[in-house]
Asker: 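Provided herewith is a single structure, encoded as C-alpha cells, for subsequent inquiry.
As the structure is a computational prediction, the values presented were derived from the model and not from experiment.
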Amino acid sequence: MSGLLALAATVPGSAVALTGAGVAPVAAALLFGTAIVGAAFLLAWAAEAAQVDVSAGLAVAVLALIAVLPEYSVDFVFTWRGGAAAQQYGSACAAPGDTVPACSLALANMTGANRILVGVGWVLVVLIAWRRSKQRGIRLGRADAVPLAFLTIASLYCLLLPFKRTLTLWDTAVLVAVFVAYSWRVSRAPAGEPDLIGPSAWVGALAKVPRRLSVIGLFLAAAAVIVLAAEPFAQGLVDTGGQLGVSRFLLVQWVAPLASEAPELLVAGLYAWRLHTTEALGALVSSKVNQWTLLVGTLPVVFAASSRGWSGLPIAMAQRGELLLTAAQSLLAIALLLSLSLSLRSALLLAGLFVVQFALGAVVPDGWHDRELIGLSMVYLALAVVALVRNRASLLPMLRDGLSTPHAELGDDMHCTTTGGGRLRLRDRLSARLHI
C-alpha cells in the first residue's frame, strides 16, 4: 500500500510538468514537492533492496547517496541559476534591485539540508528509541567509525570554507577525494544480510532477475520524476515567497530541504521505531558524509558549467556565517559521537541548539544576523571542545578504526541483527515481514 501511495504521489506533478500546464506558485510548490517526496521514497526502497546484491558497507553508502539525490537535484537547480546570474550580472549574482542573490540560494539550500540532517534526523532517532524502549541513548558498532572518521575529515576542511570568498574547483577536488576514499573504504566491507522492511522487503524477496529489474525500474522512474519536478519546485518556492511576502531565502533554506529530506528522515524513524536504532543512526551519519563531501564538492562544477567560467561560486558575507554555523554544528555532533554512542542528553542538546537559531532569528534585528550566526557558531565550537576533551580517549581509536583497521577486525557490526540480538537468515526475515 505504501508503495502505491508513493507512486501515486509522483503522478500529478509529473503530468503537469510533461503537459506544461500553468499552476499558481503555491500549488506548484506543493505539487512538485509532493512528487519529489514520492520519488525519494521509491529511491530509498530501491537502494534498500539493492543491498541483497552488494556488500553491507557499500550498501549503506549507496543507500545514503541515493537517499540524498532529491536534495542534490534541487540544490543543483539553484546553483545552475546562480551561475547563469553570475554570467549575466557578474559576481553579485543578482539583477539590480534583487535583494537575494541567486548564488546565495544555492548555499542556503545546502546548509539548511546539512543542519536538518543533524538537528532533526539524528535527534529523531534517539528520541524514538527512548520513547519505544526507554533507551537513554544509541550505541553504534565499531564499523560505524568508518563514516564518522571521514565525516571528521570533511568537517575540519569545511571549517575553512567560511574564510574563503568563493567555493572553487580546488574544494571540489578535496571533498570529492574524501568521498571517493570513503566509498572505497566501505566497499571493502564483507557482504552482509540486509534487514529490509515494507516495499523493499517485497522487492528483495524476488528472484535474482526480477529483483534486479525491479530495482533498476524504480531507480529510473524516480530519477525521471526528480528531473521533471526539481526545477518547477524550486521556481514555485521562489515565486511563493514573492507572492506571500515570505523570505525566499528562508523557504529555500528550510522548506525545500524538508521536502527532499523527508523520506530519508521517515525511513530512519521507521527503523528506530522497530528498534533497529544502530542501522537508523548509522545510515544518517553516512548521509551526512555524502552531503558534506559530494554535494558541497559538486556545487562548483555545476556553477562553472552554468557560468562558463572558473572563478568559483561566490560566498557572500551572510553565507560565510551560514557555512560557519553548519561546520560548527557538524563538529559538535562528531565530538558527541566520538565514543560511538549518542546519549539522550546529547540529542536534546543538538535539538535545543537547532531550535535556538530560529528563536534568535525572530528576535535579533536584521542588521545583526551575521553576528547572530557567528555568536551561535562560537557556542557550538565551545561545546565541541568540551565534548572533545571529555571523549578524548575515544578520538584516536575512532580514527584508527575508521581509516585503517581491517573490516575483519571490526566484528559483525556491519551485519544487521534482529531487535533481540539474534541473527536470522534473509529469507526468514523477509518471510516474517511479509507474513508468508
Asker: May I have all residue pairs that pass salt bridge (Lys or Arg N to Asp or Glu O under 4.0 Å) and include part of residues 312-328, sequence neighbours excluded?
Answerer: Arg115-Glu322
Asker: How close do Ser286 and Pro147 get, counting heavy atoms only, and between which atoms?
Answerer: OG-CB, 3.9 Å
Asker: To the closest 0.5 Å, what do you measure between OG1 (Thr79) and CG (Leu107)?
Answerer: 7.0 Å
Asker: For Ser133, enumerate each residue passing the side chain to side chain donor-acceptor pair (under 3.5 Å) test, keeping only those at least two apart in sequence or located in another chain.
Answerer: Gln135
Asker: If I take atom CZ from residue Arg139 and atom CG from residue Leu340, how far apart are they, to the nearest 0.5 angstrom?
Answerer: 5.5 Å
Asker: Would you please test Trp130 and Val126 for side chain to side chain contact (heavy atoms under 4.5 Å, CB included) and show each step?
Answerer: CA-CA 6 Å; Trp130 173 74; Val126 177; 5.5 Å; no
Asker: Which pairs count as salt bridge (Lys or Arg N to Asp or Glu O under 4.0 Å) when at least one residue sits in residues 305-319, sequence neighbours excluded?
Answerer: none
Asker: When rounded to the nearest 0.5 angstrom, what is the spacing between CH2 in Trp202 and OG in Ser214?
Answerer: 5.5 Å
Asker: Output all residues satisfying salt bridge (charged side-chain N to carboxylate O under 4.0 Å, His left out) with Asp239, sequence neighbours left out; order by chain, then residue number.
Answerer: none
Asker: Indicate the atoms forming the closest heavy-atom contact of Trp292 with Leu175, along with that distance.
Answerer: O-CD2, 3.9 Å
Asker: How far does CG of Leu140 sit from OG of Ser341, to the nearest 0.5 angstrom?
Answerer: 8.0 Å
Asker: Taking the side chain as everything from C-beta on, heavy atoms only, tell me whether Asn114 gets closer than 4.5 Å to Val118.
Answerer: no
Asker: Residues two or more places apart in sequence or in another chain: which of them pass ring-ring contact (aromatic ring centres under 6.0 Å, His included) with Phe354?
Answerer: Trp254, Phe358
Asker: Does any non-hydrogen side-chain atom of Val203 lie less than 4.5 Å from one of Arg211?
Answerer: yes
Asker: After noting the C-alpha distance and the side-chain angles of Val289 and Val178, does the key distance pass the side chain to side chain contact (heavy atoms under 4.5 Å, CB included) rule?
Answerer: CA-CA 9 Å; Val289 177; Val178 173; 5.8 Å; no
Asker: Taking the side chain as C-beta and beyond, is there a heavy-atom pair between Leu167 and Phe303 under 4.5 Å?
Answerer: no
Asker: Taking side chain as C-beta onward, heavy atoms only, is Phe41 less than 4.5 Å from Leu5?
Answerer: no
Asker: Under a 3.5 Å threshold, yes or no: a donor from one side chain and an acceptor from the other, between Gln253 and Thr111?
Answerer: yes
Asker: How about Phe76 and Leu299: do any of their side-chain heavy atoms sit closer than 4.5 Å?
Answerer: yes
Asker: Show me the donor-acceptor pairs within less than 3.5 Å that the side chains of residues 373-384 make with the rest of the protein, sequence neighbours left out.
Answerer:
unit_1	atom_1	unit_2	atom_2	d
Ser377	OG	Leu325	N	3.2
Ser377	OG	Leu373	O	2.7

Asker: Checking Leu124 now: which residues fulfil side-chain contact (heavy atoms from CB on, under 4.5 Å) with it, not counting sequence neighbours?
Answerer: Ile128
Asker: Donor-acceptor pair, Thr172 side chain versus Gly297 backbone, under 3.5 Å?
Answerer: yes
Asker: Can you tell me how far CG of Leu337 sits from CG of Leu281, rounded to the nearest 0.5 angstrom?
Answerer: 6.0 Å
Asker: Kindly give the heavy-atom pair with the smallest separation between Ala347 and Val123, and that separation in Å.
Answerer: O-CG2, 3.3 Å
Asker: Between Phe150 and Lys288, is there a side-chain heavy-atom distance shorter than 4.5 Å?
Answerer: no
Asker: Which heavy-atom pair separates Thr240 from Gly236 by the least distance, and what is that distance?
Answerer: OG1-O, 2.6 Å
Asker: Decide yes or no for Leu117 and Gln291: does some side-chain heavy atom of the first lie under 4.5 Å from some side-chain heavy atom of the second?
Answerer: yes
Asker: Run the side chain to side chain contact (heavy atoms under 4.5 Å, CB included) test on Cys158 and Leu323 for me, step by step, so that the C-alpha distance in whole Å, both residues' side-chain angles and the decisive distance to 0.1 Å come before the verdict.
Answerer: CA-CA 8 Å; Cys158 287; Leu323 284 170; over 6 Å; no
Asker: What pair of heavy atoms forms the shortest contact from Cys93 to Gly82, and how long is it?
Answerer: SG-O, 3.8 Å
Asker: Which residue is it: Val174, Val296, Leu294? I am looking for the one with a side-chain contact (heavy atoms from CB on, under 4.5 Å) to Phe179.
Answerer: Leu294
Asker: Would you call Ser155 and Leu151 a side-chain contact if the rule is heavy atoms closer than 4.5 Å?
Answerer: yes
Asker: Listed by chain and number, what are the side chain to side chain donor-acceptor pair (under 3.5 Å) partners of Ser104, not counting sequence neighbours?
Answerer: none
Asker: Could you work out, with side chain to side chain donor-acceptor pair (under 3.5 Å) as the rule, every residue matching Ser343, not counting sequence neighbours?
Answerer: Ser346
Asker: List the steps and the verdict of side chain to side chain contact (heavy atoms under 4.5 Å, CB included) for Leu105 and Arg81.
Answerer: CA-CA 9 Å; Leu105 296 180; Arg81 291 183 175 182; over 6 Å; no
Asker: Is there a donor-acceptor pair closer than 3.5 Å between any side-chain N or O of Arg132 and the backbone N or O of Trp273?
Answerer: yes
Asker: Excluding sequence neighbours, so at least two apart, what forms side chain to side chain donor-acceptor pair (under 3.5 Å) with Thr168?
Answerer: Asp171
Asker: Who passes salt bridge (charged side-chain N to carboxylate O under 4.0 Å, His left out) against Arg212, sequence neighbours left out?
Answerer: Asp53
Asker: Identify the two heavy atoms, one from Thr277 and one from Ala129, that lie closest to each other, and give their separation to 0.1 Å.
Answerer: CG2-CB, 3.5 Å
Asker: To the nearest 0.5 Å, what is the distance between CG on Leu159 and OG1 on Thr326?
Answerer: 11.0 Å
Asker: Among Val37, Ile226, Ile36, Val225, whose side-chain contact (heavy atoms from CB on, under 4.5 Å) with Thr10 holds?
Answerer: Val225
Asker: Test of understanding: with ring-ring contact (aromatic ring centres under 6.0 Å, His included), list the residues that count as partners of Phe78, not counting sequence neighbours.
Answerer: none
